Amino acid sequence: MALDERPDRYPFPEIEAKWQRVWAEREQFKVTEQPGRPKYYCLEMFPYPSGRIHMGHVRVYAIGDLLARYKWMRGFNVLHPMGWDAFGLPAENAAIDNGVHPAVWTYENIDNMRTQLKRMGISYDWDREVTTCDPAYYKWEQLIFIRMLERGLAYRRRSRVNWCPSCQTVLANEQVEAGRCWRCDSEVTIREIDGWFFKITEYAQELLDWCDRLPGWPERVLTMQRNWIGRSEGAEFALPVAGRADLTIPIFTTRPDTSFGMTYAVLAPEHPLVDRLAADDEERRLIEAFRAEVARETEIERLATDRPKRGLRLTARAVNPFTGREIPLFLAEYVLMGYGTGAIMAVPGEDQRDWDFAKAHGLPIVATVKRPADWKDDQAYTGDGVKINSGFLDGLGIEEAKRKAIDWLVARGLGQAKINFRLRDWGISRQRYWGAPIPVLYCDKDGMVPEREENLPVVLPRDVQISGKGGSPLAEVAGFVNATCPKCGGRARRDTDTMDTFVESSWYFLRYCSPAYERGMFEPGAAAYWMPVDQYIGGIEHAVLHLLYARFYTKVLRDLGMLKVDEPFQALLSQGMVIKDGAKMSKSKGNVVDPDDLIRRYGADTARLFSLFAAPPEKDLDWNDRGVEGASRFLNRIWRFVHTHLGEMGAAAGPADARSDPGRAFRRLIHETIQKVTHDIEHDFHFNTAISAVMELVNALHDFERASLDGMARPERGALLREAVETVLLLLGPVSPHITEELWAALGHRESLFTRAWPVADPGSLARDAVEIVLQVDGRVRGRLSAAVDAPEAEIREQALADSKVRPWLDGRQVARVVVVPGRLVNIVTRG
RNA sequence: GCCGGAGUGGCGAAAUUGGCAAACGCGCCGCACUCAAAAUGCGGUGUCCGCAAGGGCCUGCGGGUUCGAGUCCCGCCUCCGGCACCA
């Protein structure tokens with residue numbers, strides 16, 4: 001049966017529309033800097049305007065709004081903004097498919113999604129909305145680009161890059177997942193191309209160090225970042241080529257202690273020195289053939305670690321500087337140009353890859369670490385041990401031998417200690433249209449010249465042919481390409497690439513601080529007040545990508561003297577995915593739940609309640625239509641209760657004066673619930689248990705209502721019902737704001753629920769005079785008793801031993817020991 | 001292979017510090033209301049033995065520490081995520 005036909009639902013469509021209108025009219029969530037008042041910057045990752053919100057969005061924004069409203073009620077000045085990550089490929093693809101201009105498509109989508117989000121009733125300050133494809137936004141990004149250029153933090157070079165043949169553009173390393181494009185899943189190929197890079201490697205050490213100083217971040221995200229940065233310590237040294245005084249090969253190793261075991265050395269096939277090592281044309285031909293063979297390999301094939309290692313032996317030989325012996329030189333595909341120096345010393349005794357290669361090519365293997373007695377010698381040994389076969393290092397431990405080997409290299413001027421990072425510079429040039437233009441020109445006379453600051457923004461031209469085939473569409477726009485050289489005034493050509501859209505998302509949180517500011521990226525005072533973001537919320541898929549870039553960009557702005565903070569995000573909440581029927585929601589699987597449908601059928605309050613109740617935020621959320629029914633039922637139950645008891649609660653004057661025992665017990669539960677809900681929100685964001693505590697209170701409210709019909713004074717009953725109901729509304733407000741605001745008003749309040757202070761548990765009401773003590777015999781529960789809170793241990797012990805439920809279990813046995821845990825339990829340990 | 005996380009009822013999940021395992025919700029069963037249904041309300045619901053009272057067994061597996069272990073320690077297994085020929 002269609003749910004919107006049900007007459008028994010509370011009238012959520014009217015209520016939700018009404019309060020959304022009232023909040024907007026009152027400008028209730030509009031904020032300004034208020035020095036001296038504690039601030040709270042609550043931020044959810046802004047969406048790409050794909051056209052429609054999905055359940056993942058509902059989940060993040062429900063979490064963010066709960067925190068924002070909660071912090072409001074706790075007296076914080078809360079910045080809670082929303083905007084659009086508006087540049088990107090889908091807009092261009094839509095243009096190719098439907099002939100709609102990317103700008104038109106994007107702005108229409110934004111309008112749709114804004115309407116959808118507003119229907120969720122989230123407490124955004126919509127006056128701060130930011131759209132990244134607006135020239136007033138990307139202007140500042142272009143300015144910072146020029147500043148980075150001046151500092152050498154942005155540079156241009158020709159390099160081998162990841163190329164997505166489907167998106168027709170370059171991808172950064174972070175945007176390749178297992179050899180495939182992060183966006184379209186196509187297999188990535190390698191291309192040599194000119195492009196711009198941001199020098200994120202300059203910040204590798206700092207980005208790594210701060211991973212230890214972000215206690216508000218989930219460990220798994222920090223681990224992924226540490227792995228990605230990939231620091232390793234070792235040595236770099238010059239490997240001499242036999243008979244070639246003019247030629248050495250730079251080598252990076254993390255195991256300088258094993259140098260005496262170097263029985264051959266390997267260069268990456270594309271290593272630039274290889275050309276100089278070739279003995280004659282014949283060998284040059286062999287090298288080219290080998291390179292071509294390797295180049296044919298797809299990234300996927302190269303990733304397979306378990307196949308035979310192919311190599312090409314060169315006629316040139318090297319000299320192991322430690323042993324003085326000549327060793328063979330190879331090209332092999334297992335050595336990558338992109339890491340270290342692109343050349344390795346091979347120590348088959350202590351490195352498994354070298355071992356495999358040595359076995360395949362019949363090369364000698366020398367052990368330089370003493371093996372354990374039962375060692376089978378069928379693989380490389382990477383464990384600990386004493387150095388052997390290593391000349392002056394013999395007898396040392398590995399760590400000490402590393403230091404001595406480096407000292408030896410330094411003393412001879414051959415090398416030094418070296419730290420290497422896996423992190424590569426961030427390639428930001430994209431050969432696509434819908435992005436921020438790179439503010440640089442090329443002049444025949446002056447070469448590469450940045451645009452003058454007063455000419456910014458370099459506006460993305462509107463009239464352009466987008467075919468999706470080959471090269472940047474901007475290159476075809478004569479009016480854009482042909483420009484004046486800012487230096488000599490002669491003719492110059494603009495750079496026709498656009499910036500990676502991850503550049504826009506690296507600083508949008510700063511723009512929110514002063515979104516209309518015209519004299520710079522952000523107003524310094526506003527940023528000083530609001531930054532850093534106190535709580536950032538978003539999907540785990542950005543653990544490395546966006547979160548690493550934003551951290552880097554923040555540090556760059558700090559070093560440009562624009563910002564005081566070292567890190568943008570104080571705390572991070574990585575919420576799980578929304579799953580249905582065991583799979584991520586997707587159109588292809590046909591398991592998508594449309595938030596619009598859901599809100600139309602149940603209301604935003606129910607959608608929000610369910611998505612917060614079904615699982616703790618960091619876990620995947622299993623969508624369940626029956627569970628949504630349950631959430632709806634719960635809100636209806638509260639609605640009915642308030643409306644059927646309005647008269648009685650309205651008659652209550654003053655605070656609840658609980659005189660009777662049941663009254664005091666009920667009041668204690670009200671205050672225990674306040675305590676529990678506050679703890680669950682503050683301690684670990686476990687909103688699911690916070691909500692279950694409110695559900696328990698509502699259940700108890702119904703029980704109390706029935707039980708107190710006879711025998712309890714009417715004023716006491718009415719006052720307690722009112723106190724309980726008001727507590728429920730306050731605690732549930734941040735979860736389901738419309739219904740709680742409506743019922744709050746129905747109870748006679750004239751001011752908004754969200755201007756009320758968050759309730760605080762009253763210690764007097766929490767106090768209890770008796771506690772239940774569990775009685776165990778040999779660890780098994782056999783009875784229970786009620787004891788005064790302050791009853792002495794000896795007394796409880798006596799009562800336990802004398803208890804009628806306990807005594808049969810002691811028959812024929814001796815009491816060996818009695819453990820009394822005050823306020824909790826007694827365990828009687830027996831013997832015999 | 002390395003790093004990180006997780007295994008608890010039919011299902012989603014709870015369990016502050018080592019102290020009553022399964023709160024809350026879903027589903028299911030029963031009852032009330034109803035001509036009937038829906039909705040709503042009330043009660044029950046880990047599992048095995050038992051008519052019942054009651055008792056045994058239960059947190060992936062095997063050990064250990066402890067009066068007491070879902071929780072701590074040791075050794076395994078499985079699943080999920082990340083990185084991966086990184087020298």
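Only a predicted model underlies this, so the values are computations on that prediction, with no experimental measurement involved. In what follows, chains are A, B, ... by sequence order, proteins preceding strands, each numbered from 1.
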Sugar-phosphate, base or nothing in reach of [X], heavy atoms under 4.0 Å:
| X | answer |
| --- | --- |
| A/Glu696 | sugar-phosphate |
| A/Trp809 | sugar-phosphate |
| A/Thr341 | nothing |
| A/Arg817 | base |
| A/Arg220 | sugar-phosphate |

When you match A/Val829 and A/Glu219 each to their closest nucleotide on RNA chain B, which lands nearer the 5' end?
-> A/Glu219
Closest nucleotide of RNA chain B for A/Gly630 versus for A/Trp228: which of these residues is on the 5' side?
-> A/Gly630
ring-ring contact (aromatic ring centres under 6.0 Å, His included) filter on A/Phe704, not counting sequence neighbours, yields A/Phe666
Are any of the side-chain nitrogens in A/Asp778 or A/Arg780 under 4.0 Å away from the carboxylate oxygens of its partner?
-> no
With a 4.0 Å cut-off, would you call A/Asp811 and A/Arg807 a salt bridge?
-> no
Of the nucleotides B/rG82, B/rG12, B/rA87, which has the atom closest to the A/Asp622 side chain?
->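 Output: B/rG12.
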Shortest side-chain distance from A/Met695, nucleotide among B/rG25, B/rG27, B/rC57 | B/rG25
[X] side-chain N/O to [N] phosphate OP1/OP2 under 4.0 Å:
| X | N | result |
| --- | --- | --- |
| A/Arg226 | B/rC83 | no |
| A/Arg310 | B/rC85 | no |
| A/Ser232 | B/rA87 | yes |
| A/Arg782 | B/rG54 | no |

B/rU78 and B/rG60, which share atom name C1', separated by this distance in whole Å = 7 Å
Which value, in whole Å, describes the distance between the P atoms of nucleotides B/rC26 and B/rC42?
-> 12 Å
Axial cation check for A/Trp228 ring with A/Arg422, 6.0 Å and 45° limits =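 Ring-cation test returns yes.
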Strictly under 3.5 Å: I want the nitrogen or oxygen pairs between protein and nucleotides 41-45 of chain B, one per line.
| from | atom 1 | to | atom 2 | distance (Å) |
| --- | --- | --- | --- | --- |
| B/rG41 | OP1 | A/Arg637 | NE | 3.0 |
| B/rG41 | OP1 | A/Arg640 | NH2 | 3.3 |
| B/rC42 | OP1 | A/Arg706 | NH1 | 3.0 |
| B/rC42 | OP1 | A/Arg706 | NH2 | 3.4 |

How long is the line joining CG of A/Asn624 and C1' of B/rC24, in whole Å?
->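 After rounding, the reported distance stands at 15 Å.
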Counting only N and O atoms by type, is there a donor-acceptor contact under 3.5 Å from the side chain of A/His683 to the main-chain atoms of A/His679?
->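 Side chain of A/His683 to backbone of A/His679, a donor-acceptor pair under 3.5 Å: no, none is there.
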Do any N or O atoms from the side chain of A/Arg310 and from the backbone of A/Glu333 form a donor-acceptor pair under 3.5 angstrom?
-> no
Paired with [N]: which nucleotide, if any, by Watson-Crick or G-U wobble criteria at under 3.5 Å for both distances?
| N | answer |
| --- | --- |
| B/rC11 | B/rG25 |
| B/rC31 | B/rG41 |
| B/rC20 | none |

Mark up nucleotides 14-22 of chain B, 5' to 3', with B wherever a protein heavy atom is under 4.0 angstrom from a base atom, S wherever such an atom reaches only the sugar-phosphate, and - elsewhere.
-> S-B--BB--
Is there a donor in the side chain of A/Asp356 and an acceptor in the side chain of A/Gln352, or the other way round, less than 3.5 Å apart?
->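 Side chains of A/Asp356 and A/Gln352: pair found under 3.5 Å.
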Donor + acceptor pair across side chains of A/Arg231, A/Gln205 (<3.5 Å) |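 Side chains of A/Arg231 and A/Gln205: pair found under 3.5 Å.
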Do A/Thr248 and A/Leu239 have side chains that get closer than 4.5 Å, going by heavy atoms?
-> no
Would you call A/Leu336 and A/Glu270 a side-chain contact if the rule is heavy atoms closer than 4.5 Å?
-> no
